[in-house]
Trainee: 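Before we start, here is the structure in question, set down as structure tokens.
Counting begins at 1 with the first residue of the sequence. Start at 1 and go down the list; that is how both ligands and their atoms are numbered.
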Amino acid sequence: MRTGQVVAVFGKHFWVQTDDGLVECVSRGRKGGIACGDRIEFKATSKGAGVIERVLERHNLLYRSDAFKTKLLAANLDQALIVTAAEPAFNEELLNRCLVACEAAGIPARIVVNKADLPQTAALIDQLRPYAALGYPVLAVSAKTDVAPLLPLIEGKTSVLVGPSGVGKSTLLNTLVPEADARTAEISRALSTGRHTTTHTRLFDLPGGGALIDSPGMQAFALAHVDLAGLQAAFPELRRLAGRCRFYNCRHLKEPDCAVQAACDAGEILPARLRAYRNLAQEILALAATK
Ligand SMILES: Nc1nc2c(ncn2[C@@H]2O[C@H](COP(=O)(O)OP(=O)(O)O)[C@@H](O)[C@H]2O)c(=O)[nH]1
Ligand SMILES: [Mg+2]
Ligand SMILES: [Zn+2]
């Protein structure tokens with residue numbers, strides 16, 4: 001049995017980086033799945049090919065899930081870089097769902113505002129300022145003109161780029177990892193997709209140490225694996241108010257004397273955050289009702 005790290009995921013096919021090169025592996029249809037960044041054990045079947053037998057213990061796993069399926073994003077992360085941009089239109093609900101997923105997985109999250117070269121980005125940076133106070137540092141960069149502020153934050157770490165499509169995740173990756181373009185072309189050839197959009201999750205080593213994982217953009221981010229207690233624990237501003245509502249089991253939806261609603265009315269909680277919490281809470285309650 002040999003070990004390696006999963007550096008690309010294509011459905012049931014995986015590229016595994018080993019000490020002596022890339023090995024193309026398949027999985028034995030094991031339940032639970034295999035994520036980019038996973039360290040695995042495989043059995044070589046021929047030169048350059050193998051079968052994954054076992055996933056070694058993970059430090060963490062970032063994923064999304066709805067009532068029907070689970071979609072693994074990446075494993076063994078030091079941090080998630082949630083990439084946003086003013087173009088295409090900023091999706092605050094999706095940002096918040098990404099933040100909740102990171103909290104639930106115990107993964108530190110940073111917000112990267114890309115396309116700082118566009119004039120409309122200044123307003124987005126202002127809009128996101130309150131997130132820094134919640135514990136999510138906000139960093140403005142331009143994948144096209146200036147990524148320098150990002151370098152010290154990713155060096156020596158394993159980071160994943162997540163966010164909707166079009167915000168510039170792949171452009172960031174190509175700027176930060178010079179040979180990424182060539183490897184992407186190689187993957188497109190191997191899969192004969194020839195498309196420019198990111199269709200698969202891939203891990204690249206950074207020149208200065210550490211690794212960067214690029215993922216396909218998501219439109220929606222369901223969190224069926226998070227329960228109501230987990231959801232409340234994933235909002236730092238709700239954690240601070242624990243036990244302050246009239247009802248000890250307040251769900252902060254429409255209950256009277258809700259300290260969370262009061263804090264929002266007083267301008268201490270961002271309305272968009274409370275909206276995201278309530279949307280997620282409603283989804284959790286609806287899902288629980290069907291079980
Ligand atoms: N103006 C500007 N455009 C950018 C920047 N980064 C990416 N783009 C453009 O945004 C579009 C989407 O980029 P892409 O990297 O494919 O986004 P992804 O879907 O998040 O991977 C492309 O047309 C890029 O050229 C940036 O920093 N500034
Ligand atoms: Mg992409
Ligand atoms: Zn409440």
Trainee: Is it the case that the side chains of N279 and E283 hold a donor-acceptor pair, with the cut-off being a distance below 3.5 Å and no angle test?
Mentor: no

Trainee: Any idea which part of T171 is under 4.0 Å from ligand 1, heavy-atom wise: side chain, backbone, both or neither?
Mentor: both

Trainee: Could you say whether the N/O atoms of D214 and ligand 1 ever approach to under 3.5 Å?
Mentor: no

Trainee: Heavy atom to atom 25 (O) of ligand 1, shortest distance: which of K169, K144, E87 holds it?
Mentor: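 Answer by nearest heavy atom: K144.
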
Trainee: For atom 12 (C) of ligand 1, state which one of G166, S170, P216 supplies the nearest heavy atom.
Mentor: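 Considering heavy atoms of G166, S170, P216, the nearest to atom 12 (C) of ligand 1 sits in G166.
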
Trainee: Hey, is the Mg ion (ligand 2) within less than 2.8 Å of some N/O/S atom on T171?
Mentor: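 For T171, the answer is no, given that no N, O or S atom comes within less than 2.8 Å of the Mg ion (ligand 2).
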
Trainee: Tell me whether R239 is salt-bridged to E103, with the criterion being a basic N under 4.0 Å from an acidic carboxylate O.
Mentor: yes

Trainee: Indicate yes or no: at least one non-hydrogen side-chain atom of E92 is less than 4.5 angstrom from one of N96.
Mentor: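 With C-beta onward as the side chain, the pair touches.
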
Trainee: Heavy-atom distance to atom 17 (O) of ligand 1: which of G163, G168, A140 wins?
Mentor: G168

Trainee: Return the name of the atom in H252, of element N, O or S, nearest to the Zn ion (ligand 3).
Mentor: ND1

Trainee: Under a 4.0 Å heavy-atom limit, does L172 contact ligand 1 with its side chain, its backbone, both, or neither?
Mentor: neither

Trainee: Which of the numbered atoms in ligand 1 are below 4.0 angstrom from a heavy atom of S142?
Mentor: 26 (C), 27 (O)

Trainee: With atoms numbered from 1 as shown, which atoms in ligand 1 lie under 4.0 angstrom from a non-hydrogen atom of L118?
Mentor: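 Here the atoms of ligand 1 in question are 1 (N).
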
Trainee: What does the angle at the Zn ion (ligand 3) come to, between atom SG of C250 and atom SG of C245, rounded to 10°?
Mentor: 110°

Trainee: With the side chain counted from C-beta on, respond yes when I154 and K157 share a heavy-atom pair under 4.5 Å apart, and no when they do not.
Mentor: no

Trainee: Hey, which atoms in ligand 1 end up nearer than 4.0 Å to a heavy atom of V167?
Mentor: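 Taking each heavy atom of V167 in turn, ligand 1 has 17 (O), 20 (O) under 4.0 Å.
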
Trainee: Any sub-3.5 Å donor-acceptor pair from T70's side-chain atoms to R64's backbone N or O?
Mentor: no

Trainee: Would you call D214 and K169 a salt bridge, using N to O less than 4.0 angstrom?
Mentor: no

Trainee: Evaluate the side-chain proximity of Q5 to N76: yes if any heavy-atom separation is below 4.5 Å, no if none is.
Mentor: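 Not in contact.
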
Trainee: Any ion pair linking E93 and R275 (charged N to carboxylate O, less than 4.0 Å)?
Mentor: no

Trainee: Give yes or no for whether the N/O distance cutoff of 3.5 Å, strictly under, is met between A143 and ligand 1.
Mentor: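 The answer is yes, given that A143 and ligand 1 share an N or O pair closer than 3.5 Å.
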
Trainee: Is any NZ, NE, NH1 or NH2 atom of the basic residue among K115 and E87 found under 4.0 Å from an Asp or Glu carboxylate oxygen of the other?
Mentor: no

